[in-house]
Amino acid sequence: MNPFDTHEVFNQARPFGDVNLLQCDPALQEAFAREGAAWAGDELDTLGAALGRKELQELARSANANGPRLVNFDRSGERIDEVEFHPAWHALMQLLIGAGVHASPWADPRPGAQVARAAAYLLFGQVENGTQCPATMTYASVPALRRAPQIAAKWLPKILSREYDPRSLPVEHKRGALIGMGMTEKQGGTDVRANTTRATELPPFDARERFGDDGEGAWRIVGHKWFFSAPQSDAHLVLAQSDEAGSAARGTGLSCFFVPRFLPDGSRNAIRVQRLKDKLGNRSNASSEVEFCGAVGWLVGAVGRGIPTILEMGSHTRLDCVVGTAGIMRAALCHALHHARGRSVFGKPLARQPLMQNVLADLAIESEAATAFALRLARCFDHPDDPLEAALGRLLTPAGKYWLCKRGPAFGAEAMEVMGGNGYVEDGPLARLYREFPVNSIWEGSGNVMCLDLLRALGKNPQESRTALEAELAPAAALDARFAAYAERLGADLGAATESGARRIAEQVVTAVQGALLLRHAPPYVAEAFVASRIAQDVGGAFGRLPDGLDFDAILARALVV
């Protein structure tokens, strides 16, 4: 060493990378095969290898360090409302869309298609999360758009395409298209019935004169949106109060409208992007506030039925909140455990210190349970015509979005603490991952909204809901007396559920389903750790509370296979 150098670098773990993200994760491999997507193994393996490269971590860092920029006017003063992105964003989007994560179940609707997509989405969630937002909204828009045949005929071929085309052009000239959402307003937020944006049906003659056959069903929209996700998308689904032309009574209720950036005559739609949001996380992605200054949109679904139309979209976006959180958990665990294996403290690796083993094993159990739950939920979406699967999905979607997303920030903070100061600084990914957790809990319905949705699902058809949940839990109840007692208590609590206790009910539902999955399918040492720490006692507020006598070595060996 140079005599004037003050130190040499040692006892530092190399950055986690150049690893196949699927091959190092036995829990994910087992889950997608178990839930009906074994046929997707080769494609997921290729994707896992691509996403595990160190270059992808650098793309993720660059896309977040160099966020989007709003350009309202061109050099001539023309209003353009364009969003400029760093090249890293486009590289990540190209990989994401190329893998079909935005549309694969609709483009190739085979058995297990939703599970295969969820597995791919979970892998992407370990790399970069801002790009997942436009992919999720595009994926979720398809069932709603199929209710509007005129729109679907023109747009679905571009939406289902695996070509990422970021150019701002009318859809006819593009190789692929992405869809966003515009629901909430300043005065209402979650209460979309308080929306003041109004849509007035254009007189048919005027619409046909301007747009030809494409003018059928056109409406004029005036108002604002406080959160308008991914304004660079080619079109958005928007909620507005609808006034039918020629109607004496104003206000027929909220309706859903398809609002493209470019109109059929090639002109830009009157969507004025006021500013981009300065967000805590998800910084690579653009979220905006907009004004509709006489924008033109097309009705999706029936007049006044905008909320039921959009709820179908919402169930799919909420699925992605669950799967995405499981992906971020997995990423945080991998970085923390890799660091602990490569760092020595008090004469031996950090990962061999008993108390740290407890923390890491607890994180590993939480991550595996989240993965198992997310892919089991995705299987419900593969069987919409099965009454029990559909009923189970109506319960687990809001409950899972509440509990898994609520566990996320605490999980991220604990993983960051494993790495100490190295985790807290922006040089590594843990700080960024930590900032990503809260958005999945807030977006598409906060925790309280999800718990109320769970109560509504239970109340709408209580017998079918309870039958579906009991069928899911019964096989595991025969395997463990502690779990059987927990499931019995849950059944009693469901019958007496109140609004003020809805969070506790949601937590119990998810914990029960996770426990059932691990008891039936995970190695005994994983199942025992989960039951002992989350079924036999309350979950608690911190990680590292596993009881003595568990096989920490086996849990950690399974958690990251490299």
* Which heavy atom in H236 sits nearest to a heavy atom in M181, and how many Å separate them? -> CD2-N, 3.3 Å
* To do: Check M137 against A230 and note the closest heavy-atom contact, atom names and distance.
  => CE-CB, 3.7 Å
* Between R69 and E82, does at least one N-O distance fall below 4.0 Å, as a salt bridge requires? -> no
* To the nearest 0.5 Å, what is the distance between CZ (F262) and CG (D234)? -> 9.0 Å
* **The single option from L469, T397, L377, D386 passing side-chain contact (heavy atoms from CB on, under 4.5 Å) against L392** => L469
* Residues T467 and Q463: side-chain donor-acceptor under 3.5 angstrom -> yes
* To do: For the pair R272 and E291, find out whether any cationic side-chain nitrogen is under 4.0 Å from an anionic carboxylate oxygen.
  => no
* Is the closest side-chain donor-acceptor distance between R435 and N282 under 3.5 Å? -> no
* **N285 vs Q232, side-chain contact (heavy atoms from CB on, under 4.5 Å): CA-CA, chis, key distance, verdict** => CA-CA 10 Å; N285 181 41; Q232 73 276 11; 4.0 Å; yes
* Specify the closest pair of heavy atoms between F85 and P68, including all atoms of both residues, with the distance to one decimal. => CE2-CB, 3.6 Å
* **Straight-line distance of L395 CG to E472 CD, nearest 0.5 Å** => 11.0 Å
* Asked: Which atom pair, heavy atoms only, marks the closest approach of Q150 to D213?
  -> NE2-O, 3.4 Å
* Are K225 and F292 in a cation-pi setup, meaning NZ or CZ lies under 6.0 angstrom from the ring centre and within 45 degrees of the ring axis? -> no
* Would you check, one step at a time, whether the test salt bridge (charged side-chain N to carboxylate O under 4.0 Å, His left out) holds for R379 with E35? => CA-CA 6 Å; R379 178 154 68 94; E35 304 299 352; 2.4 Å; yes
* Centre of Y139's six-membered ring, under 6.0 Å away, within 45 degrees of the axis: is that where NZ or CZ of R117 sits? -> yes
* Would W298 and F257 count as a close aromatic pair, with their ring centres under 6.0 Å? -> no
* Please step through side-chain contact (heavy atoms from CB on, under 4.5 Å) for the pair L145 and L237, ending with a clear verdict. => CA-CA 9 Å; L145 292 180; L237 287 170; 4.0 Å; yes
* To do: Please test V238 against C256 for side-chain contact (heavy atoms from CB on, under 4.5 Å), starting from the C-alpha separation and ending with a verdict.
  => CA-CA 6 Å; V238 170; C256 181; over 6 Å; no
* **Between CG on residue L92 and NE2 on residue H86, distance to nearest 0.5 Å** => 10.5 Å
* To the nearest 0.5 angstrom, please state how far the OG atom of S255 sits from the CD1 atom of I221. => 10.0 Å
* To do: Taking only Lys NZ, Arg NE, NH1 and NH2, and the carboxylate oxygens of Asp or Glu, determine whether R79 and D81 approach each other closer than 4.0 Å.
  => yes
* Residues R193 and D191 bridged, charged N to O under 4.0 Å -> no
* To do: Verify whether one side chain among S233 and R261 offers a donor that lies under 3.5 Å from an acceptor in the other.
  => no
* Going through the distances and angles, do E128 and R432 end up as a salt bridge (charged side-chain N to carboxylate O under 4.0 Å, His left out)? -> CA-CA 9 Å; E128 207 286 316; R432 171 170 52 83; 5.2 Å; no
* To do: Mind checking the CG-CG spacing from N195 to L254? Nearest 0.5 Å is all I need.
  => 5.5 Å
* To do: Can you label the angle between the F381 ring and the H316 ring as parallel, tilted or perpendicular, going by 30° and 60°?
  => perpendicular
* M93 and L96: CA distance, side-chain angles, deciding distance, side-chain contact (heavy atoms from CB on, under 4.5 Å) verdict -> CA-CA 5 Å; M93 285 296 297; L96 185 69; 4.2 Å; yes
* Asked: Between Q241 and T197, is any side-chain donor less than 3.5 angstrom from a side-chain acceptor?
  -> no
* Candidate pair E216 and R208, rule salt bridge (charged side-chain N to carboxylate O under 4.0 Å, His left out), full reasoning -> CA-CA 7 Å; E216 181 181 350; R208 282 196 300 270; over 6 Å; no
* Structure fact -> Only residue of E464, E389, K460 satisfying side-chain contact (heavy atoms from CB on, under 4.5 Å) with R394 is E464
* Asked: Could you state the interatomic distance from CG (N440) to CD (Q132), rounded to the nearest 0.5 Å?
  -> 8.0 Å
* Examine K401 relative to W443 and say whether NZ or CZ is less than 6.0 Å from the centre of the six-membered ring and inside a 45° cone about the ring axis. => no
* Asked: Hey, mind stepping through R220 and E201 against salt bridge (charged side-chain N to carboxylate O under 4.0 Å, His left out) and telling me if it holds?
  -> CA-CA 6 Å; R220 180 81 66 190; E201 189 177 15; over 6 Å; no
